[in-house]
Amino acid sequence: MVEQPTAPVAPEGTGLGRLRVFLVDDHAMFRAGVRAELGAHVEVVGEASTVAEAVSRIAATEPDVVLLDVHMPDGGGRAVLEAMRGSLTEVRFLALSVSDAAEDVIGLIRAGARGYVTKTISPDELAAAIRRVADGDAVFSPRLAGFVLDAFAARPDAPVADPELDQLTNREREVLRLLARGYAYKEIARELYISIKTVETHVSNVLRKLQMSNRYELSRWAADRRLV
């Protein structure tokens, strides 16, 4: 009796092959780490460090899922989503960020992201989140889901706006958030891959823009806006 060949088992993900993933982050070391950690789960088909690169290369590669950093010097994840709105409707976007601030989460979801997870996520959890987003689910780190539910339930059509916060750059917001959590300048520098001197410059700029005199006032201000 001749054995009939068995059908091949498809790898994890949708369709017949591994999920095709694109990375958008302005830190090369972080992209390399994500690529290495996800290599066994997905096919990384490209990466970009700027908004312009991302828009061009995502259009060229047409991945299943884009892992999207929220804050980059030239506009970040929201700028990518807005530039691609209406095109490549099959591509799903999953925000992957150091930020867990309510306004960042809500802003990215309003712009079209299907989920939002923080960079503290484990490789296995990230792979699972990518699969779920590719399948059409919405995925959030546990603490973040409440931000979205609260915002859309209370004021579904209202923009998230704060004139004082809006005058800060994305990087200044990141530094402020970590400062308010009690991070030392050295720890902030390590977390954001910048120099201590650059951290000091950002803190000085934030103090000047918000007309405050010390980090304790900044911490209270950030806590009042749920940035911590």
Side-chain angles (χ1 to χ4, degrees), residues 24-31 33 49-51 68-82 95-111 113 116-121 140-228:
V24 181
D25 195 288
D26 60 330
H27 294 127
M29 289 180 61
F30 180 77
R31 295 198 309 273
S49 61
T50 69
V51 171
L68 194 60
D69 191 17
V70 176
H71 296 308
M72 296 190 296
D74 55 350
R78 188 164 185 170
V80 174
L81 287 164
E82 290 172 350
L96 176 62
S97 176
V98 69
S99 169
D100 59 1
E103 77 275 7
D104 287 336
V105 179
I106 296 165
L108 265 289
I109 299 306
R110 288 193 189 280
Y116 193 118
V117 295
T118 62
K119 290 182 177 179
T120 57
I121 194 170
F140 300 92
S141 293
R143 178 172 177 267
L144 309 184
F147 295 158
V148 179
L149 291 174
D150 291 346
F152 283 83
R155 302 177 66 194
D157 299 317
V160 178
D162 184 327
E164 287 186 300
L165 187 63
D166 288 346
Q167 66 184 315
L168 303 182
T169 67
N170 289 333
R171 183 63 86 192
E172 287 167 355
R173 294 187 195 189
E174 290 179 330
V175 170
L176 170 61
R177 188 171 299 115
L178 295 175
L179 191 72
R181 290 177 180 174
Y183 281 55
Y185 284 8
K186 182 178 180 181
E187 294 170 323
I188 296 173
R190 183 169 59 247
E191 183 77 16
L192 299 180
Y193 301 94
I194 57 179
S195 70
I196 295 175
K197 185 174 180 59
T198 300
V199 173
E200 292 173 346
T201 299
H202 286 314
V203 172
S204 295
N205 289 340
V206 172
L207 287 168
R208 174 178 52 79
K209 289 179 179 180
L210 299 180
Q211 299 182 15
M212 296 180 187
S213 58
N214 57 61
R215 65 180 296 167
Y216 304 106
E217 291 181 352
L218 288 177
S219 295
R220 287 196 299 270
W221 186 89
D224 288 344
R225 284 160 175 76
R226 299 177 66 185
L227 300 180
V228 183

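Screening R110, R78, R177 for a salt bridge (Lys or Arg N to Asp or Glu O under 4.0 Å) with D104, the sole residue that qualifies is R177.
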Next item on the list: Tell me, with the steps shown, if L210 and W221 meet side-chain contact (heavy atoms from CB on, under 4.5 Å).
Entry: CA-CA 9 Å; L210 299 180; W221 186 89; 3.9 Å; yes

Next item on the list: Walk me through it: do E191 and V199 pass the test side-chain contact (heavy atoms from CB on, under 4.5 Å)?
Entry: CA-CA 11 Å; E191 183 77 16; V199 173; over 6 Å; no

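To the nearest 0.5 Å, atoms CD (E174) and OG (S99) are separated by 7.0 Å. Between atom CD1 of residue I194 and atom OG1 of residue T201 there is a gap of 9.0 Å, rounded to the nearest 0.5 Å. To the nearest 0.5 Å, atom CG of residue L68 and atom CG of residue L96 are 9.0 Å apart. Here CZ of R181 is found 10.5 Å from CD1 of I188. Values are rounded to the nearest 0.5 Å.
Taking all atoms of both residues into account, the shortest heavy-atom contact from R173 to L168 is NE-O, 3.6 Å. Contact record, M72 with T50: CE-C, 4.3 Å, taken as the closest heavy-atom pair. Across every non-hydrogen atom of V206 and E172, the tightest pair is CG2-CB, 3.7 Å. Between V70 and A95, the shortest heavy-atom distance links the atoms CG2-CB, 4.2 Å. Of all heavy-atom pairs between L207 and S213, the closest is CD2-C, 3.9 Å.
Between R171 and H71 the shortest side-chain heavy-atom distance does not fall below 4.5 Å. Contact check for R31 versus D69: no side-chain heavy atoms found under the 4.5 Å cut-off.
Legend: residues meeting side chain to side chain contact (heavy atoms under 4.5 Å, CB included) with E187, ordered by chain and number and at least two apart, are Y183, A184, R190. Partners of I196 under the side chain to side chain contact (heavy atoms under 4.5 Å, CB included) rule, at least two apart in sequence or in another chain, are Y185, K186, A189, E200. Judged as a side chain to side chain contact (heavy atoms under 4.5 Å, CB included), and not counting sequence neighbours, the contacts of Y193 are H27.
Using a 3.5 Å distance cut-off with no hydrogens or angles, the side chains of S195 and T198 do pair a donor with an acceptor.
Distance alone, capped at 3.5 Å, is enough to place a donor-acceptor pair between the S141 side chain and the T118 backbone.
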